[in-house]
Every structure is written in structure tokens, then in C-alpha cells.
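Working notes for the structure below.
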Amino acid sequence: MVDRLANSEANSKRIAVVEGCFGTAGQPLAIPGRVLIGEGVLTKLCRKKPKARQFFLFNDILVYGNIVIQKKKYNKQHIIPLESVTIDTVPDEGDLRNGWLIKTPTKSFAVYAATATEKSEWMNHIGKCVGDLLQKSGKAPTGEHAAVWVPDSEATVCMRCQKVKFTPVSRRHHCRKCGYVVCGPCSEKKYLLPSQSSKPVRVCEYCFVQLTSGSLGPRSDSISRPGSKFNNLSDDDDEDDSSD
């Protein structure tokens with residue numbers, strides 16, 4: 001079906017509409033062979049709180065953005081190559097239901113659908129697209145992904161030293177390797193994680209020691225906090241940008 005739609009006029013018009021919704025701030029999305037599979041609003045678990053985001057699934061990329069005017073205008077376009085994506089279900093917990101993780105080497109985060117059926121459809125379609133891409137390229141699935149961040153609300157004290165309490169003066173920071181919420185003194189070190197940035201990024205003292213000694217495993221979220229329902233939840237913000 002995808003091959004049949006690839007060069008159809010209807011598909012081209014649908015992609016043009018999506019491009020138009022992002023305006024000049026968005027990247028062009030129309031390329032030969034690209035097909036718009038589906039779209040919808042998902043709740044993305046962000047650093048501060050869950051927020052509605054518009055998602056578009058293509059056969060080779062996943063695109064999402066902030067909703068300015070529903071069905072008409074979006075901004076802050078993010079484009080994720082599906083070839084690098086892995087997905088994992090998230091157990092229902094309280095008001096957060098029908099969720100799954102979208103994990104890539106660059107960023108990882110949780111999203112939630114309105115219904116279990118919608119979740120199943122999204123996960124099935126994403127999985128099918130990723131599988132098709134890997135089969136065509138002959139590549140193996142991505143083995144490493146970016147740290148999944150613990151939301152700010154889940155940490156009143158530093159998750160490493162367990163001593164420093166967070167206040168307007170003592171700010172929260174996130175280790176880019178394990179995703180823990182840590183204090184300034186526990187995250188003074190920086191380390192180059194090439195899949196995330198071309199410059200060294202903030203890491204906690206524990207991860208810095210593990211990284212420099214070569215003993216840290218390949219999975220970015222391999223260090224987990226026992227008992228936390230948010231061990232695998234994340235955001236793509238850094239500590240100086242709370243817009244998403």
C-alpha cells in the first residue's frame with residue numbers, strides 16, 4: 001500500500017498540507033517515496049508536565065510539533081528518523097494511561113494516546129515502518145538510545161547525593177547519560193556523548209566515573225531508581241529550556 005501511495009497525488013496533497021501547517025519555520029517534508037501514514041494528537045510527557053503535541057507518522061520519519069491552532073498551525077517542528085527508533089510499552093499508572101516510549105540515540109520520551117486502541121494502532125504502524133526500513137537497508141536495530149529523563153516533579157532532593165533539596169536557588173539538572181534529576185554539585189562534569197551533541201554535555205558524577213573508566217553499559221537508561229514509576233519517562237528539554 002505504501003508503494004502504491006508513494007507517488008500519488010492524494011499523498012502529495014496531504015504532505016503539502018502538513019508542510020503548510022508548520023509554515024516557513026518547518027523543514028520541507030515532501031521527498032520521492034515518502035508517504036504520510038497517519039496523524040493525531042498525543043500527550044507527550046515533558047519535563048514540567050504532560051503536554052498535547054501533534055504527531056505525523058510517515059513511512060521513514062516521525063514528525064511532531066506544538067499545537068498553535070488545531071489542524072491549522074504548528075511550530076517547533078521535530079523530525080525523528082524512524083530507522084533509529086525503538087518503542088516500548090509503558091504500564092498504565094494513575095491518570096497516565098495508554099502510553100509507550102519512543103527511544104532514539106538522540107532523545108527518548110513517553111507519549112500517551114487517548115485510548116488503548118489508538119495506542120495499539122500507533123505502535124503497530126510505527127513498528128511496521130521501522131521493520132520495513134531496516135529490512136530494506138539491511139541494518140540492525142539501534143542498540144543504544146538517549147537517556148530517558150525523570151520528570152522534575154518526581155525529585156524533591158538530588159537523586160544522587162540524596163542530600164541537596166531543590167529550591168528556586170538550588171536548581172534541578174538532568175544527567176544526559178542516566179536521566180536522573182541531580183543537583184549542581186553532583187553534575188559539574190561534562191562528557192562527550194556523540195549521538196546527543198557535538199559538544200560535551202552535563203553528566204552526573206556517578207556516570208562520569210563509569211564513562212571514564214569504561215564500565216558503563218551501552219543502554220543509556222540502564223541505571224534505574226527502584227520504586228519509581230517514571231524510570232523510563234523523559235523529555236527533550238535541557239535545564240535552560242522549559243518550553244517543551
Side-chain angles (χ1 to χ4, degrees), residues 44-51 53 64 76 78 80 84-91 93 96 99-112 142-244:
K44 179 176 178 289
L45 195 70
C46 297
R47 179 178 179 179
K48 300 296 183 183
K49 62 181 181 181
K51 298 177 182 178
R53 296 287 181 257
Y64 71 92
K76 296 191 177 179
H78 298 262
I80 301 173
S84 65
V85 167
T86 56
I87 54 176
D88 284 323
T89 188
V90 174
E93 187 75 39
L96 295 173
W100 68 98
L101 294 175
I102 296 172
K103 302 186 294 185
T104 80
T106 305
K107 68 174 71 174
S108 303
F109 54 90
V111 291
Y112 293 83
T142 302
E144 183 176 357
H145 55 78
V148 283
W149 288 17
V150 176
D152 286 0
S153 60
E154 285 301 295
T156 57
V157 299
C158 175
M159 296 175 67
R160 282 302 180 196
C161 68
Q162 300 289 325
K163 296 176 181 178
V164 175
K165 292 184 178 181
F166 296 120
T167 67
V169 176
S170 180
R171 297 178 56 205
R172 292 172 173 84
H173 301 280
H174 277 85
C175 171
R176 292 339 191 240
K177 185 61 182 175
C178 67
Y180 272 19
V181 184
V182 290
C183 64
C186 283
S187 59
E188 293 178 340
K189 300 287 199 303
K190 290 190 175 183
Y191 192 86
L192 181 63
L193 300 175
S195 62
Q196 294 190 39
S197 175
S198 59
K199 299 178 181 179
V201 293
R202 183 189 297 272
V203 295
C204 68
E205 186 70 30
Y206 177 87
C207 286
F208 183 79
V209 171
Q210 301 298 308
L211 286 162
T212 52
S213 67
S215 59
L216 195 63
R219 285 182 63 86
S220 301
D221 63 344
S222 58
I223 305 167
S224 62
R225 179 171 61 138
S228 171
K229 61 180 179 291
F230 288 118
N231 283 341
N232 292 325
L233 305 182
S234 155
D235 187 344
D236 54 319
D237 302 340
D238 61 27
E239 63 269 18
D240 298 317
D241 180 9
S242 58
S243 62
D244 188 9

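A cation-pi contact, defined as under 6.0 Å to the ring centre and within 45° of the axis, is absent between Lys177 and Tyr191.
In this structure, the separation between OG on Ser195 and NE2 on His145 is 10.5 Å, given to the nearest 0.5 Å. In this structure, CZ on Phe109 lies 4.5 Å from OH on Tyr64, to the nearest 0.5 angstrom. Note: Cys186 SG to Tyr206 OH = 13.5 Å, rounded to the nearest 0.5 Å. To the nearest 0.5 Å, the span separating CZ on Arg172 from OG on Ser187 amounts to 13.0 Å. The distance from the CZ atom of Arg176 to the SG atom of Cys204 is 11.5 Å, given to the nearest 0.5 Å. Going from atom CG of Leu192 over to atom OG of Ser197 covers 7.5 Å, rounded to the nearest 0.5 Å.
Arg202 places no side-chain N or O within donor-acceptor distance of the main-chain N or O of Gly184, the cut-off being under 3.5 Å. In this structure a side-chain-to-backbone donor-acceptor pair under 3.5 Å is present from His174 to Val150.
Residues passing the side chain to side chain contact (heavy atoms under 4.5 Å, CB included) test with Thr156, sequence neighbours excluded: none. Every residue two or more places apart in sequence or in another chain that forms a side chain to side chain contact (heavy atoms under 4.5 Å, CB included) with Thr106 is listed here: Thr104. Checked against side chain to side chain contact (heavy atoms under 4.5 Å, CB included), Thr167 has the following partners two or more places apart in sequence or in another chain: Val169, Ser170. The salt bridge (Lys or Arg N to Asp or Glu O under 4.0 Å) check on Glu205 picks up Lys189, with sequence neighbours excluded. Remark: Thr89 pairs with Lys119, Met123 by the side chain to side chain contact (heavy atoms under 4.5 Å, CB included) rule, at least two apart or across chains.
When all heavy atoms of Leu96 and Pro50 are compared, the closest pair comes out as CD2-CG, 4.3 Å. The two residues Val182 and Cys175 have their closest heavy-atom pair at CG2-N, 4.2 Å.
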Lys107 vs His78, side-chain hydrogen bond (donor to acceptor under 3.5 Å, both in side chains): CA-CA, chis, key distance, verdict = CA-CA 11 Å; Lys107 68 174 71 174; His78 298 262; 3.1 Å; yes
Derivation of the side-chain contact (heavy atoms from CB on, under 4.5 Å) call for Lys163 and Val157 | CA-CA 6 Å; Lys163 296 176 181 178; Val157 299; over 6 Å; no
Should Phe166 and Asp152 be marked as a side-chain contact (heavy atoms from CB on, under 4.5 Å) after you check the CA-CA gap, both sets of side-chain angles, and the distance that decides it?
-> CA-CA 10 Å; Phe166 296 120; Asp152 286 0; over 6 Å; no
Might you work through the side-chain contact (heavy atoms from CB on, under 4.5 Å) test for Val85 and Ile102, ending with a clear yes or no?
-> CA-CA 7 Å; Val85 167; Ile102 296 172; 4.3 Å; yes
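Side-chain contact check for Lys51 versus Lys44: every heavy-atom pair is 4.5 Å or farther apart.
Screening Cys183, Cys178, Pro185 for a side chain to side chain contact (heavy atoms under 4.5 Å, CB included) with Arg160, the sole residue that qualifies is Cys178.
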